[in-house]
Amino acid sequence: MKRIYIEEVSQYKNEKVEIRGWVYNKRSSGKVRFLLVRDGTGIIQATIFSPEKDHPLFQLFDNLTQESAVIVRGQVKEDPRAPGGYEIAVNDLETVHIAQNYPITPKEHSVPFLMEHRHLWLRSRKQHAILQIRWEIIRAIRDFFDGLGFRLIDAPILTPSACEGTTTLFETEYFDQKAYLSQSGQLYMEAAAMAFGKVYCFGPTFRAEKSKTRRHLIEFWMVEPEVAFATLEDIILLAEDLILFILERVLTKRRAELEILERDPGPLEKIAKPFIRLTYEQTVKKLQQMGSKMLYGDDFGAPEETLLSQLYDQPVCITHFPAQIKAFYMQPDENNPEVVLGVDVMAPEGYGEIIGGGQRIHDLSLLEKRIEEFNLPREAYEWYLDLRRYGSVPHAGFGLGLERTVAWICKLKHIREAIPFPRLLYRIYP
RNA sequence: UCCGCGGUAGCUCAAUUGGCAGAGCGGGUGGCUGUUAACCACUAGGUUGCAGGUUCGAGUCCUGCCCGCGGAGCCA
């Protein structure tokens with residue numbers, strides 16, 4: 001008898017197989033018992049028939065509780081009445097472990113309760129589907145960059161100094177010094193790009209922001225490509241291709257999961273190059289016409305992001321921001337030094353910014369000046385300035401927030417479901 | 001951090017003006033030969049978040065605290 005996984009069941013029609021898993025749910029109707037078994041790859045209905053009321057399999061079945069671990073052996077049958085179209089006619093049932101009072105029942109639960117049981121919630125159908133899609137997106141991102149000849153260069157997580165202001169950094173002890181958890185691998189990727197040409201890093205980042213919204217996590221994953229000799233225009237094209245590659249992959253390989261999530265694939269299928277392009281100035285004018293009170297020089301707030309996503313069903317690339325609202329390393333536009341060559345890509349359907357990036361300053365004296373203007377500790381940036389001393393070239397890159405991308409593609413109400421174990425302002429358990 | 005809302009059975013919620021703390025689900029027992037969050041009957045299950053106060057009487061009103069949820073700012 002062959003031990004198989006539920007996702008392979010259609011290849012074993014009428015064969016006898018063994019499935020190892022957990023009880024998802026059970027039902028009974030007199031002389032027929034139905035056991036829904038999940039094994040991590042899917043859920044299948046196992047059936048037991050007998051005219052004998054005290055059949056030994058019935059006794060085993062009756063003792064099983066939700067999430068008990070079982071080994072089921074029997075024949076695969078195609079049956080339209082079974083969820084998924086296939087079921088197992090059981091002739092042997094082995095109990096591995098009886099679960100006692102599993103807390104997540106097939107009924108409704110509140111968000112706080114489910115978050116408290118996140119370690120178990122992962123077993124539920126929708127959470128499982130979301131994390132399958134997350135995995136597919138991660139693979140797509142790696143395949144995309146590897147396929148283009150990018151080198152994966154890992155950025156450090158413990159960093160020696162505040163790169164973009166200390167208020168949002170997690171501080172920790174580093175023997176007799178202080179260290180900070182990384183907010184971004186970008187500066188290290190700039191060094192790597194000068195060594196390898198085109199690079200990316202993909203890892204967790206940490207922001208000690210006391211933000212409490214559906215779009216924020218304290219710990220989140222970001223993929224950050226950086227390309228030597230690239231301009232703003234080059235990386236906008238790269239960002240478009242990346243997003244389309246991810247969408248194509250999920251739409252072809254994770255249809256079933258999108259269906260479990262009741263996510264209409266229509267809006268995702270419509271997305272195509274080129275994305276909408278607007279300068280910051282054009283965007284502000286448009287928003288003001290729509291009734292927003294924001295002024296030139298303000299950053300976009302949540303209401304503005306919502307307004308924008310109502311206007312377009314394509315991602316929107318906003319460029320040419322006023323220098324003062326962006327980071328110190330942003331390259332000024334040569335036609336208008338008041339604005340910088342940065343880009344934010346806003347996902348449609350109200351999901352807001354999923355990408356932030358741009359062209360970096362490559363001129364040593366300009367970068368020194370900016371470090372001074374932003375009141376940053378010059379010593380901490382000596383290594384970064386070195387990149388402008390030894391073969392400096394124009395270069396650009398961006399960061400894509402993984403969880404925001406997952407939330408958009410899965411159309412989640414809250415980003416906390418886009419990561420297995422979310423770290424939030426008021427939650428670090430489990 | 002600020003603004004708003006909430007905490008009652010394992011879970012989801014109800015409880016009229018301050019007047020006997022209840023239902024569904026889940027658990028247990030029994031029934032049903034194709035169930036789809038199955039269904040039917042019976043059954044057990046409570047320090048009403050914590051501390052204090054008002055009152056003949058507090059789940060309900062007041063004060064403080066704890067915990068969480070929604071939103072804002074900031075950001076990916």
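In what follows, every chain begins at residue 1, and chains take the letters A, B, ... in the order their sequences are listed.
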Base, sugar-phosphate, or nothing for [X], non-hydrogen atoms under 4.0 angstrom?
| X | answer |
| --- | --- |
| Tyr102(A) | nothing |
| Arg33(A) | nothing |
| Pro83(A) | base |
| Glu219(A) | nothing |
| His216(A) | base |
| His117(A) | nothing |
| Thr405(A) | nothing |
| Gly301(A) | sugar-phosphate |
| Asn25(A) | sugar-phosphate |

Could you work out the separation of [N] and [M] based on their [atom1] atoms and round it to a whole Å?
| N | M | atom1 | answer |
| --- | --- | --- | --- |
| rA58(B) | rU47(B) | C1' | 15 Å |
| rC65(B) | rA23(B) | P | 37 Å |
| rG46(B) | rA21(B) | C1' | 8 Å |
| rA44(B) | rG30(B) | C1' | 15 Å |
| rC61(B) | rA15(B) | P | 12 Å |
| rG49(B) | rG68(B) | C1' | 11 Å |
| rG26(B) | rG45(B) | C1' | 11 Å |
| rG28(B) | rG10(B) | C1' | 14 Å |

Identify the nucleotide, in any strand shown, that forms a Watson-Crick or G-U wobble pair with [N], with both distances under 3.5 Å; if there is none, say none.
| N | result |
| --- | --- |
| rC39(B) | rG31(B) |
| rG52(B) | rC62(B) |
| rA72(B) | rU1(B) |
| rC25(B) | rG10(B) |

N/O (side chain, Ser29(A)) to phosphate O (OP1/OP2, rU33(B)) under 4.0 Å: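 Answer is no, no contact under 4.0 Å.
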
Between [options], which nucleotide gets closest to the side-chain atoms of [X]?
| X | options | result |
| --- | --- | --- |
| Arg416(A) | rU33(B), rG70(B), rA76(B) | rG70(B) |
| Lys212(A) | rU1(B), rU12(B), rA76(B) | rU1(B) |
| His414(A) | rG70(B), rG68(B), rG27(B) | rG70(B) |
| Phe113(A) | rG70(B), rG73(B), rU12(B) | rU12(B) |
| Val32(A) | rA72(B), rA76(B), rU33(B) | rU33(B) |
| Arg427(A) | rG26(B), rC75(B), rG68(B) | rG68(B) |
| Ile415(A) | rA76(B), rU12(B), rC69(B) | rA76(B) |

RNA chain B: 5'-proximal contact among Leu217(A) and Leu425(A) (nearest heavy atom): Leu425(A)

Contact nearer the 5' end of RNA chain B, comparing Ile355(A) with Ser28(A): Ser28(A)

For [X] and [Y], test the side chains for any donor-to-acceptor distance below 3.5 angstrom and give the result as yes or no.
| X | Y | result |
| --- | --- | --- |
| Thr168(A) | Gln183(A) | yes |
| Gln186(A) | Tyr329(A) | yes |
| Gln331(A) | Gln359(A) | no |

Starting at atom [atom1] of [X], determine the distance to atom [atom2] of [N], rounded to an integer number of angstrom.
| X | N | atom1 | atom2 | value |
| --- | --- | --- | --- | --- |
| Glu116(A) | rG7(B) | CD | P | 18 Å |
| Asn101(A) | rG10(B) | CG | P | 11 Å |
| Lys210(A) | rA72(B) | NZ | C1' | 16 Å |
| Met294(A) | rA72(B) | CE | P | 15 Å |
| Ile48(A) | rU35(B) | CD1 | C1' | 13 Å |
| Gln66(A) | rG28(B) | CD | P | 12 Å |
| Arg215(A) | rG73(B) | CZ | C1' | 12 Å |
| Tyr426(A) | rG7(B) | OH | P | 19 Å |

Ring center gap for Phe421(A) and Tyr429(A) short of 6.0 angstrom: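 Not close enough - the centres of the two rings lie 6.0 Å or further apart.
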
Centroid-centroid under 6.0 Å between Tyr280(A) and Tyr296(A) rings: yes

Side-chain ion pair, Lys369(A) and Glu372(A), N-O less than 4.0 Å: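 No.
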
Stacked pair Phe34(A)-rG34(B), distance under 5.5 Å, angle under 30°: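 Taking the rule of under 5.5 Å and under 30°, the ring of Phe34(A) does not stack on rG34(B).
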
Phe49(A) side chain reached by Val90(A) side chain, heavy atoms, under 4.5 Å: no

Looking at the base of [N], is there any donor atom on it, or on the side chain of [X], that sits under 3.5 Å from an acceptor on the other one?
| X | N | value |
| --- | --- | --- |
| Glu305(A) | rC75(B) | yes |
| Arg27(A) | rC32(B) | no |
| Gln100(A) | rG27(B) | no |

Parallel, tilted or perpendicular: ring planes of Trp383(A) versus Tyr188(A), cut at 30 and 60 degrees: parallel

Other residues, nucleotides, ligands: >12 heavy atoms within 6.0 Å of Lys16(A) NZ: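 No, not enclosed.
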
